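Everything numeric in this text was worked out from a predicted model, so none of it was measured.
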Amino acid sequence: MSNKLYYICKYTPIELLESLGAECASLNEMPEGFEHADQLAHPNICGFGKAVLEQVINDHVKELVIVNCCDTIRSVYDILADSGKLDFLYIMDMPHDNGSCGRERTVTQLKGLAKAYSEYKGTTFDEAAFRKAFRPRQRLHEPYISVLGARMGNELFEVVRQTMPYPVENDTCVNNRSAGNEQPPETSDFDELMDWYAGALLGQLPCMRMIDNTGRKQLYNNPNLKGIIYHTVKFCDFYSFEYAQVKREAAVPLLKIESDYSLQNSGQLSTRLEAFAESINAEWQKGKEKKMGKGYFAGIDSGSTSTDVVILDKDKNIVTGIILPTGAGAAAGAERALEEALKEAHLQREDIDAMVTTGYGRTAITEGDKSITEITCHARGAHFLDPSVRTVVDIGGQDSKVIRLDENGAVVNFVMNDKCAAGTGRFLEMMARTMEMSLDEMSHKGLKYKEDITISSMCTVFAESEVVSLIAQNKDADDIVHGLNKAVASKTAALAKRVGGEERYMMTGGVSKNESLVKTLEQKLGTTLVVDERAQLCGALGAALFAMDMVERD
């Protein structure tokens, strides 16, 4: 239990509360899950609202001031008021404009809060403490990455901070508070102080809830800004409006991520963040770390379904390429695949000068010299196979990715479908199992379809029910498979559109062997896909090429 007074909004009058004896702290932690909140609130309130409920119900908070900025926060207040869990709970109805009427209303709100808290605390207004509470926010004056958008939990922000190649500025919601930057006027009149203070609160760099939020453009027009991570919270669409504007106007690399404000969700974002960091940091791949030995280099792509290994010689010839099932553990699967690749190449482990790991299980493999995301490795591998490729499509076992490249093979933009199995290799695997055929058999079905069946749901569970129903109706297997292919192709084409896909396209990964799906996707994209027989090994190939970069040549 904490004796701090917690707040959730930058318009909270922190300085006033500190003058009344409060120790203020931002409530911004991400809980493990929403066990209690899901029982108390509507399932579609935003993750942050649930996080607040979870913290209070678990007795981590006893004093809380809420600013009524949206329906979710109002609902949270009502639930907390009914719960009786808090010693002090107050909601401020702050206006969404800083005109004279808004300022007058804010003064009334400030006086109401001061009266309520002083009665609860048994204190009176301390002018000296009020003035001392004004502490200017220190901003970075060097190249940096900015996190914009809706509030981001402390734990996720720490992941971002540790991942990025530059210092990170948190410019989301409560974190870009600037009310403390100016000192109050020289007056002891409480009414005059509150009138000035209302103007200082409302005059901050506006949040998206303010009627006039044009001042927010300065957040992405700073000359030191090197990249933007735009964060949104599940079931909160308000900041998506700004994202469209930032995407259109910002002149730096931009990554959009969404979280549900729980720790369970934050881990899913690591690949996106690491790939973004790699794409904006040209220095990360420079510098030779090892000396040339036997002249062999290995790349291991540890996927959720298969583990691929490529060994290159010093002339960039593929000595061997191995694809094996990953099995129960990434590390064990990688060890088996590497042993098999070395055996086929007639090499020993000590013959490998450098090894890079990539893919889903890359961090679990301790054998590698460096770990690089599959986004960057697929881009490097695709460019090596065909330098004319500008868009890479990879339908993996647990996610789907579309990556846009420049003429040098560097990642310009990428998008991932990693929140469910929709449109992934796992989806196709489960549908094949439902139809009692192997993936190889399925890859040749659908080419000679007669009836153009549409599978209406991309949810694996619901789609499986549809397939069972179609089988019961004696629909032809070719027709059903074509319907499944069409659903996956539509999902993938939508990702390509989001990333700004352009000619030429290459399909990588194991699903590139699926002839009927490739053809259907070509129809959706309106172009021909490059399907190199080595494309299945694209991630491991890219990793092996990066391994070569680590070695100093004679």
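- Between Gln55 atom CD and Lys50 atom NZ the span is 15.0 Å, to the nearest 0.5 Å.
- Rounding to the nearest 0.5 Å gives a distance of 8.5 Å between OG1 of Thr373 and CE of Met416.
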Task: Step-by-step side chain to side chain donor-acceptor pair (under 3.5 Å) determination, Glu242 to Tyr230 - done: CA-CA 10 Å; Glu242 184 184 43; Tyr230 200 94; 2.6 Å; yes

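- Remark: aromatic rings of Phe134 and Trp196 are close, center separation under 6.0 Å.
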- [ ] For side chain to side chain donor-acceptor pair (under 3.5 Å), just list the numbers for Glu158 and Gln162, CA-CA rounded to whole Å, side-chain angles, deciding distance to a tenth of an Å, and then say yes or no.
- [x] CA-CA 6 Å; Glu158 183 61 21; Gln162 293 182 4; 2.9 Å; yes

Open item on the list: Walk me through whether Tyr11 and Gln204 qualify under side chain to side chain donor-acceptor pair (under 3.5 Å).
Closed with: CA-CA 8 Å; Tyr11 293 101; Gln204 299 180 83; 5.4 Å; no

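- Using a 4.0 Å cut-off between charged nitrogen and carboxylate oxygen, Asp93 and Arg105 count as a salt-bridge pair.
- From Gln523, atom CD reaches atom NZ of Lys486 across 10.0 Å, with rounding to the nearest 0.5 Å.
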- [ ] Assess whether ring pair (Phe, Tyr, Trp, His ring centres under 6.0 Å) is satisfied between Tyr261 and Phe235, documenting all intermediate values.
- [x] CA-CA 11 Å; Tyr261 234 83; Phe235 295 125; over 10 Å; no

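- Across all their heavy atoms, Val411 and Ala379 have their closest contact at CG2-CB, 3.7 Å.
- With respect to Glu18 and Lys132, no salt bridge is recorded, no charged nitrogen being found less than 4.0 Å from a carboxylate O.
- With salt bridges taken as basic N to acidic carboxylate O contacts below 4.0 Å, one links Asp171 and Arg137.
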